[in-house]
Amino acid sequence: MNEKYNAAEIEQKWQRRWEQDGLFRTDEDAPGDPFYILEMFPYPSGKLHMGHVRNYSIGDVAARYLRMKGHNVLHPMGWDAFGLPAENAAIKNGIHPDVWTRENMAEMRAQLKQLGISYDWEREVATCSPDYYKWTQWIFIQFFKAGLAYKKKNPVNWCPSCETVLANEQVVDGACERCGTAVGKKNLDQWYLAITKYAQRLLDDLERLGDWPGNVKTMQANWIGRSTGAEVDFEIEGFGEKLRIYTTRPDTLFGVTYMVLAPEHPFVEPLTDGGEYEAPAREFIGKLQYLNDIDRASATLEKDGLFIGRYAVNPVNGKRVPIYIANYVLMDYGTGAIMAVPAHDTRDFDFAVKYGLEIIPVVDPGGLLPDATQETQGDGPTQGDGPFGSHDPKGPSPWVAGLKGPSPRVFVAEGRMINSGRFDGLDNKDAIREITAYIEERGFGCGSVNFRLRDWLISRQRYWGTPIPMVYCEKCGWVPEKEENLPVLLPTDVTFSGKGESPLTTSASFRQTACPACGAPAEREIDTMDTFLDSSWYFLRYTDARNEERIFADGKVKKWMPVDQYIGGVEHAILHLLYARFFTKFLHDIGYSPADEPFTRLLTQGMVLKDGKKMSKSLGNVVSPEEFVERFGADTIRLFILFASPPEKELEWSEAGVEGSYRFIGRVWRLAQGALADGAGAETQEHNGDGSPGAAEAEKELLHAMNAAIKKVGADIGGRYNFNTAISAIMEFVNAAYKAREGGGVRQPALRDAVEKLILILSPFTPHVCEEMWEAYGHTGSILLEPWPAYDEGALVRGSEEIALQINGKVKGKFTVPSGLSAQELADMAAASEEAKKLTGGSAIVKAIGVPGRLVNIVVK
RNA sequence: GCGGUCGUGGCGGAAUUGGCAGACGCGCACGGUUGAGGGCCGUGUGCCGCAAGGCGUAAGGGUUCAAGUCCCUUCGACCGCACCA
């Protein structure tokens with residue numbers, strides 16, 4: 001064994017050997033419980049960043065540990081390879097997106113190998129390969145056949161800079177997610193996937209995901225956004241059709257004082273055309289269109305509206321109320337029209353105040369006002385000044401102060417019904433039910449459920465994506481390409497101008513085809529798919545990545561799915577994970593996926609920060625993994641990144657910390673080398689212990705440290721993925737081994753055995769250096785094939801233990817007792833001890849509480 | 001505004017879920033080794049105090065024999081959604 005630890009040499013040696021031996025290849029038929037561990041595949045942008053290193057290091061530790069525990073582990077990697085950056089590079093530098101992407105993949109694949117991540121590269125997938133997107137197209141056709149893919153003309157989000165359509169999800173604060181440009185609107189014929197048909201299941205099944213982080217589930221639930229309420233029909237005076245609205249507060253139906261339509265509502269034109277309100281309405285709507293989504297979406301935008309000269313009639317009380325159009329009502333939620341109850345809705349209230357509209361309270365807080373006097377240290381009596389009376393001025397108010405109107409405040413909490421005819425006096429929660437039943441009886445409306453989730457707009461006017469395998473025929477309409485003709489290949493003869501419609505229109509041959517149904521001349525769809533489709537099923541393909549006949553074989557997908565552990569960034573908490581769940585459920589429904597949830601356990605890893613901020617080019621604080629791998633080696637980087645913080649938390653990059661990890665590896669190296677050298681000089685001896693009475697004790701201590709470490713590391717990796725504490729346990733063990741060796745008295749075979757155990761439990765974190773040491777210790781096979789060491793519970797038990805002695809809950813002293821005492825024995829022994837007598841100073845002992853192995857609390861006086 | 005996560009030494013972070021707060025590492029100080037530096041080995045390191053001792057987990061209150069952990073109030077940070085009727 002070399003005296004000096006040479007990371008570069010060792011890492012190259014072992015990476016080469018692992019590859020030669022095909023050590024990471026997964027064999028379906030191998031023994032062991034199958035375990036599917038997956039990290040989110042990257043977009044091949046060029047180089048790995050620290051977030052990737054963290055993500056894949058976490059996965060690799062788990063994968064290597066599980067292999068040693070005897071599992072048959074599937075640990076694959078691939079590329080989310082379609083997308084805009086490749087196309088932008090093509091426009092800018094004239095490189096074909098395919099070339100650019102493949103170069104990047106090669107670069108990043110090499111980097112992953114340099115990190116020593118144990119992937120089965122024979123299952124590698126790239127979403128831009130025809131043998132992969134063939135099946136993405138196939139899935140699309142299955143959606144179409146199931147009636148879940150449809151085309152619709154719609155005003156869509158249009159980024160004038162990227163010149164493409166964006167899904168709602170890709171619009172952040174009204175700006176393009178990629179370039180930050182304000183998003184406008186454009187009317188286009190677009191393909192949609194009917195994810196809303198799965199909204200209820202996607203929501204319900206969140207409950208089954210017990211091993212997902214709570215915040216991710218909450219975010220998904222909020223995104224799906226289920227609400228319950230009622231739809232109610234209002235007659236419009238002098239108009240044939242009824243106006244249907246959606247409300248979550250049917251209890252406030254008697255408080256309606258006006259109605260609002262979204263400016264895009266189909267009734268607006270017929271209601272205003274030909275009258276005195278036609279011109280103002282057109283002007284109002286025109287003005288709104290100039291507003292981009294940044295302003296339109298802003299909650300702080302002042303409410304703006306226009307009376308359109310018409311009146312509606314409230315079905316429950318016959319009240320005649322004016323109809324407005326306003327910027328605060330959205331066409332694509334509910335029915336695009338609302339009943340306004342300014343007394344009990346802050347938005348309606350703001351609007352009513354601005355336009356001087358009537359405000360009628362129908363829910364009275366009454367005695368149900370939050371009781372501000374409950375806290376005894378409150379500011380004096382604050383209760384019972386009447387229904388709208390005062391309350392603790394410092395406490396949270398259920399009222400929002402207003403300016404005018406009969407009731408100058410808005411009340412949004414619960415209370416008792418007033419001004420609501422036969423429903424007066426009811427608790428408003430009960431009134432929701434009662435009034436819903438009432439309107440159903442009378443045929444005015446019905447109970448109703450609404451979701452915020454919208455159908456998924458998947459068309460992109462871009463080149464570098466999966467072609468949508470649909471053909472338009474004059475006679476047959478939209479017809480899917482025949483499945484045996486898949487894939488519909490991306491044409492290569494296209495021009496990248498970065499402007500206008502899809503680049504596919506510039507291909508001479510692509511568009512013209514024959515109708516798959518009738519054979520007549522027909523045109524292909526020229527849009528490509530949102531890349532989120534590509535990544536919504538890749539985890540299924542890994543189970544049978546080279547299958548050319550079928551998307552994946554039943555037996556293989558059944559063996560591996562669902563993914564046992566998925567690891568990736570929180571930024572995918574909503575979209576990617578929701579879409580992946582949607583696809584899995586659909587493939588389950590049509591009989592292809594055995595699982596209907598894709599990921600059993602989810603770990604969302606924290607970001608890697610520098611100086612407390614996210615690493616970014618614009619801040620100039622990006623730390624390149626390459627540089628550090630070169631300087632310290634992959635093992636050091638992996639160890640640091642896993643040690644510095646628990647995986648789900650943010651991680652602050654620290655060069656000093658990296659140096660510390662490097663130092664630790666050197667410390668282990670010297671220990672291993674020293675222990676080996678001890679043995680070499682004493683080969684003929686039984687042991688080199690000194691035979692003194694302390695010797696046995698020293699060896700016992702070493703064994704204790706060893707077994708404690710094995711136990712702790714196994715629990716931390718196998719359970720909560722607390723790699724940071726696992727590593728600190730190994731460090732404690734190393735410190736103990738140094739002490740044992742320096743102190744003498746430990747026989748060489750015992751020390752050697754301890755070091756071997758150390759190498760084994762450290763190997764998932766720093767595999768290269770551990771392989772090297774393992775070999776130096778005379779082993780020929782890879783350490784990855786070694787079983788994880790068992791620990792001896794007996795070695796963890798000591799003859800006696802130190803117990804803290806508390807007096808009235810404060811630690812005052814310590815005393816030593818034999819191990820294994822019960823709580824009662826411990827308490828009795830403590831109470832009778834000299835130590836206790838001294839500390840209590842003769843005060844009467846009220847009681848003593850013992851906690852075995854920890855402390856005794858003596859309560860006096 | 002709504003929803004969520006979280007506040008522990010100079011720093012990153014531990015604390016078996018109610019039982020000795022600060023494990024482990026970084027940093028710092030001192031000692032040893034060394035021609036010197038680096039490296040390595042060792043010791044110390046929450047705060048106040050010479051000490052005895054006292055105080056300490058954002059602040060305030062509560063429950064408990066016992067609270068970083070549970071409950072209430074306040075403050076602060078971060079993340080997600082955001083005119084969703």
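What you see is a predicted model; the values in this text were computed from it and never measured. In what follows, every chain begins at residue 1, and chains take the letters A, B, ... in the order their sequences are listed.
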Reckon [X] touches a base, only the sugar-phosphate, or nothing at all at heavy-atom distances under 4.0 Å?
| X | answer |
| --- | --- |
| A:N215 | sugar-phosphate |
| A:R226 | nothing |
| A:S227 | sugar-phosphate |
| A:K814 | base |
| A:D348 | nothing |
| A:E732 | sugar-phosphate |
| A:Y738 | sugar-phosphate |
| A:E650 | sugar-phosphate |
| A:S654 | nothing |
| A:Q806 | base |
| A:K217 | nothing |
| A:V851 | base |

What I want to find out is whether [X] reaches [Y] closely enough, with some N-O distance under 4.0 Å, to be called a salt bridge.
| X | Y | answer |
| --- | --- | --- |
| A:D332 | A:R454 | yes |
| A:K217 | A:E207 | no |
| A:E650 | A:K614 | no |
| A:K712 | A:E732 | no |

Once you round it to whole Å, what is the distance between [atom2] of [N] and [atom1] of [X]?
| X | N | atom1 | atom2 | value |
| --- | --- | --- | --- | --- |
| A:N857 | B:C20 | CG | P | 11 Å |
| A:H576 | B:G80 | NE2 | P | 18 Å |
| A:Y662 | B:G38 | OH | P | 17 Å |
| A:M731 | B:C26 | CE | P | 7 Å |

Contact under 4.0 Å: [X] side-chain N or O vs [N] OP1/OP2:
| X | N | answer |
| --- | --- | --- |
| A:R244 | B:A85 | no |
| A:N722 | B:A14 | no |
| A:R663 | B:G38 | no |
| A:N724 | B:A14 | yes |
| A:R452 | B:A82 | no |
| A:R670 | B:G39 | no |
| A:K649 | B:G7 | no |

G-U wobble or Watson-Crick pairing nucleotide for [N] (cut-off 3.5 Å, both distances):
| N | result |
| --- | --- |
| B:C2 | B:G80 |
| B:G46 | B:C55 |
| B:G39 | B:U33 |

Exercise for review: Taking atom P in both B:G46 and B:U64, compute the distance separating them and give it to the nearest angstrom.
Suggested key: 34 Å
Check your understanding: Where do A:T436 and A:C446 come nearest, in terms of heavy atoms and distance?
Key -> CG2-C, 4.5 Å
Check your understanding: Does B:G9 fall in syn (glycosidic angle within 90° of 0) or anti?
Key ->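 That one's syn.
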**Study point:** Assigned glycosidic conformation for B:U17 [threshold 90° from 0]
**Key:** syn
Review point. Quick one: does A:K303 reach the base of B:C83 with a side-chain donor-acceptor pair under 3.5 Å?
Key: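 Under the 3.5 Å cut-off, the side chain and the base do form a donor-acceptor pair.
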